[in-house]
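Worksheet for the structure shown next.
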There are 2 protein chains.
Amino acid sequence: MSDSADLKKAGLKATLPRIKILSILEAAKVRHMTAEDVYKALLETGEEVGLATVYRVLTQFEAAGLVIRHNFEGGRSVFEINQGSHHDHVVCVECGEVFEFYDPAIEERQRKVAESLGFDVDSHSLYMYGMCLGMKRHGHCSKKDGH
Amino acid sequence: MSDSADLKKAGLKATLPRIKILSILEAAKVRHMTAEDVYKALLETGEEVGLATVYRVLTQFEAAGLVIRHNFEGGRSVFEINQGSHHDHVVCVECGEVFEFYDPAIEERQRKVAESLGFDVDSHSLYMYGMCLGMKRHGHCSKKDGH
DNA sequence: GTGTAAACTAGAATCATTCCCATGCAAAAG
DNA sequence: CTTTTGCATGGGAATGATTCTAGTTTACAC
């Protein structure tokens with residue numbers, strides 16, 4: 001399978017936990033998952049994987065560029081598969097839904113600001129928090145239930 | 001003093017811990033402080049304030065709009081006095097220095113994106129992480145020592 | 001001044017995450 | 001295809017940040 005090859009390409013041994021975690025992230029209906037979410041998904045598939053391993057592997061995946069870690073409000077990290085295309089995030093604080101967007105003008109202005117400061121940017125993140133349309137209109141989200 | 005008045009205006013009793021914490025945040029040479037930083041600064045002034053109180057008060061200040069909480073990389077919250085003027089942040093991962101900037105074009109594009117999604121934005125944050133000029137040039141930051 | 005609700009302190013508890021180390025397993029070598 | 005070798009894993013303990021709890025103190029209205 002290709003997950004195994006992807007891991008090797010990233011310089012990581014193709015172990016069972018890593019393959020499983022990668023496939024869960026790829027197949028996830030909800031793209032943005034906490035370590036706990038991934039752990040629960042593993043348990044549901046009947047895998048015997050420790051929570052410590054999930055954290056360790058997600059951190060390795062982040063270092064290898066396979067996943068992106070986000071520090072949203074709330075103090076826990078969420079992860080999403082890195083599909084190569086950078087995008088920013090809009091988070092509904094009511095239902096937890098995460099919307100993605102990309103705005104070339106914003107990216108360009110950010111680049112200019114960093115340049116003017118003589119700053120080498122490794123990564124950047126733009127998050128907007130608020131209430132989504134579904135919550136405003138119907139008191140529940142159009143895509144999923146409130147947490 | 002005006003700190004006491006500011007607190008009452010925000011609907012908070014003017015207690016000693018609150019007054020002290022507010023004045024520390026206002027007088028801070030380094031604008032962005034963790035709860036631990038604030039706690040240590042209190043101890044240095046000889047105040048007997050519990051760490052739990054610092055966390056509670058900072059959260060109340062955030063709810064009252066007196067301070068802004070940031071969730072930078074690293075998992076701990078940092079706080080800064082809310083001086084009314086929104087700005088975004090550039091964080092040097094080498095020396096910890098935080099630079100602030102404001103770009104009206106970015107703000108406008110964000111507003112448009114939210115509008116197109118029908119999203120009511122409560123707050124938004126834009127962080128860039130990387131290496132500052134001082135670290136690149138001299139191996140140390142121009143403004144302060146590495147952490 | 002006095003009463004009362006709100007706020008405080010210290011320490012225990014909780015939550016997310018990481019560490020530790022004996023055992024397991026993937027990839028390289030034979 | 002077996003052995004070797006070392007990185008990876010699992011589970012529980014440890015850590016660090018933050019929050020809760022209980023009993024005590026304090027700000028402020030009357």
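In what follows, chains carry the letters A, B, and so on, assigned in the order in which the sequence lines appear, proteins first and then strands, with residues in each chain numbered from 1. All values reported here derive from a predicted model rather than from experimental measurement.
- OP1 and OP2 of D:dA17 both lie 4.0 Å or more from every side-chain N or O belonging to B:S77.
- Under the side chain to side chain contact (heavy atoms under 4.5 Å, CB included) criterion, B:A63 pairs with no residue at all, not counting sequence neighbours.
- Residues that satisfy the side chain to side chain donor-acceptor pair (under 3.5 Å) test with A:T15, not counting sequence neighbours, are absent from this structure.
- Direction change of the helix axis from one end of the helix from C:dG1-D:dC30 to C:dG30-D:dC1 to the other is 30°, with five pairs defining each end axis (rounded to 10°).
- Comparing B:E36 and A:P17, the nucleotide of DNA chain D nearest to each residue sits closer to the 5' end for A:P17.
- A:K136 meets the side chain to side chain donor-acceptor pair (under 3.5 Å) test with B:D120; sequence neighbours excluded.
- Checked against salt bridge (charged side-chain N to carboxylate O under 4.0 Å, His left out), A:E80 has the following partners two or more places apart in sequence or in another chain: A:R31.
- The salt bridge (charged side-chain N to carboxylate O under 4.0 Å, His left out) search around A:E26 returns none, not counting sequence neighbours.
- Within residues 63-72 of chain B, no residue has any heavy atom under 4.0 Å from DNA chain C.
- Residue A:T34 is classed as having no contact, given no heavy-atom separation below 4.0 Å to the nucleic acid.
- The phosphate of C:dC8 has neither OP1 nor OP2 within less than 4.0 Å of any side-chain N or O from B:T53.
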So which protein N/O to nucleotides 21-29 of chain D N/O distances come out below 3.5 Å?
{"unit_1": "D:dC28", "atom_1": "OP1", "unit_2": "B:A14", "atom_2": "N", "d": "3.2"}

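- Summarising the geometry, the separation between CG on B:L7 and C1' on C:dA7 is reported as 13 Å, rounded to the nearest angstrom.
- A search for side chain to side chain donor-acceptor pair (under 3.5 Å) contacts involving B:N82 returns nothing, not counting sequence neighbours.
- Residue pairs meeting the ring pair (Phe, Tyr, Trp, His ring centres under 6.0 Å) criterion with at least one partner in residues 6-54 of chain A, sequence neighbours excluded, are A:H32-A:H70, A:H32-A:H89.
- For A:R69, the salt bridge (charged side-chain N to carboxylate O under 4.0 Å, His left out) partners are A:E62, not counting sequence neighbours.
- Within the 4.0 Å cut-off from OP1 or OP2 of C:dT17, at least one side-chain nitrogen or oxygen of A:Y55 is found.
- Looking at residues two or more places apart in sequence or on another chain, you find a side chain to side chain donor-acceptor pair (under 3.5 Å) between B:R111 and B:E108.
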